[in-house]
Amino acid sequence: MQTFLHGRDLIGDLDFSKEEVETVLDVAFDLKRKRALGELTPYLRDKVLAMLFFFSSTRTRGSFEAGMAHLGGHAAFIESRTTQISHGDTPKEIGEIFGRYFDGLAIRHVDWGVGNGYLNDVAKASRVPVLNMQDDIYHPFQCLADLMTIVEKKGRDLRKKKMVVSWAYAASYQKPMSVPQSLILQMPRFGMDVILAHPPEFKLMPGIMDQAQEQARKFGVGFEVMDDMDKAFKDADIIYAKSWGAMVHTPDPDEGAKIIKKYESWITDERRMKLAKSDAIYMHPLPADRNVEVTDGVMDGPQSVVFDEAENRMHAQEAVMALTM
Ligand code: CP
């Protein structure tokens, strides 16, 4: 068990080794159990987390803020538009200055081609851990909560479990590709065979695909890519289907929106769920475009674990904060 994570950043999913992620899971389950029993967990008493948001959030803000309070500390909610960032505060200044005020800096910045670079620039200048609340490449805390939920539902031995990470149609906006990228990097390390399904224009970043293939090879699991949602769902144990944008294919949002419209049939509905195993679980990080991306019947049905997934954000994040800050 690797326990010395004090002072570490979590920006990319592979920043923590598999053993370190296992430690996070152990601590997260312990925190969840203690909360159920009403036991106090003041591991970060008097510590303060800055939560800097460049993009909106429901779950991430709520779960980090509640999590810091459960750990005996405080979380400061800071929207970039209410700061002097647009008037010249650089990432270096944010890292240097906030690093002196706070005990951890959590940042959400999902702008394509910008977000991850911003987090890394802040981290270079910060004396305290930088935690990625989602950027344009990774959503590591979502992925830790997803892994925790899969372990709860399917057990710790996930070898031979088939996980489908599928694109789904959604017209609301071009969603970041950080969730599927985090999933294909992390899940092979825990023994799952991963199927990635998407229409041809919705490829993930080539560098991330290379790393995912390398992880699959290293951990002796399957990693297959296909462009047929029905074929992908067949006999799956875990269905994780959500929309993402066509940014790798085209950086033009109008062209991306036109391409998305071609694939309205990529919805998770009751017929498709029947192609998977009868005890398959349905996962989505939320928010979802209901009856566009996924039917109400699936989202609110017996196979859906979306609310446990959302709850587990809090426990997984508390674990990482308690270990790093
Ligand atoms: N899943 C997720 O990150 O939700 P929010 O965008 O509401 O934070």
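Counting starts at 1 for both ligands and their atoms, in listed order.
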[X], [atom1] atom: more than 12 neighbouring heavy atoms under 6.0 Å:
| X | atom1 | value |
| --- | --- | --- |
| F307 | CZ | no |
| R35 | CZ | no |
| K203 | NZ | no |

### Query
Taking N or O atoms only and a 3.5 Å limit, does S56 qualify as a polar contact for ligand 1?
no
### Message
For ligand 1, which is the ligand I care about here, please tell me if Q134 has any N or O atom under 3.5 Å from one of the ligand's N or O atoms.
### Response
no
#### Entry: ligand 1 contacted by R61 (non-hydrogen, < 4.0 Å)
no
### Query
Does M133 reach ligand 1, in the sense of a heavy atom lying below 4.0 Å from it?
no
Which ligand 1 atoms are under 4.0 Å away from a heavy-atom of [X]?
| X | value |
| --- | --- |
| S57 | 5 (P), 7 (O), 8 (O) |
| L286 | 1 (N), 2 (C), 4 (O) |
| R313 | 1 (N), 2 (C), 3 (O) |
| P285 | 1 (N) |

[atom]: nearest protein contact (heavy atom, Å):
| atom | value |
| --- | --- |
| atom 7 (O) of ligand 1 | T58 N, 2.6 Å |
| atom 6 (O) of ligand 1 | R108 NH1, 2.9 Å |
| atom 4 (O) of ligand 1 | R59 NE, 2.9 Å |

## Note on the structure
Any heavy atom of K242 under 4.0 Å from ligand 1? The part involved is neither
### Message
Is any side-chain heavy atom of M299 closer than 4.5 Å to one of T268?
### Response
no
### Message
Less than 4.0 angstrom from a charged side-chain N to a carboxylate O is my criterion; do R290 and D300 meet it?
### Response
yes
### Task
Compare E309, K175, H284, H139 and give the one whose heavy atom is closest to atom 3 (O) of ligand 1.
H139
### Message
I need the Q181 CD to M205 CE distance, nearest 0.5 Å.
### Response
5.5 Å
### Task
State the OG1-NZ distance between T41 and K32, to the nearest 0.5 angstrom.
14.5 Å
### Query
Which class fits the ring pair Y263 and W266: parallel under 30°, tilted 30 to 60°, perpendicular over 60°?
perpendicular
### Query
H109 vs F54 aromatic rings, parallel, tilted or perpendicular, using cut-offs 30° and 60°?
parallel
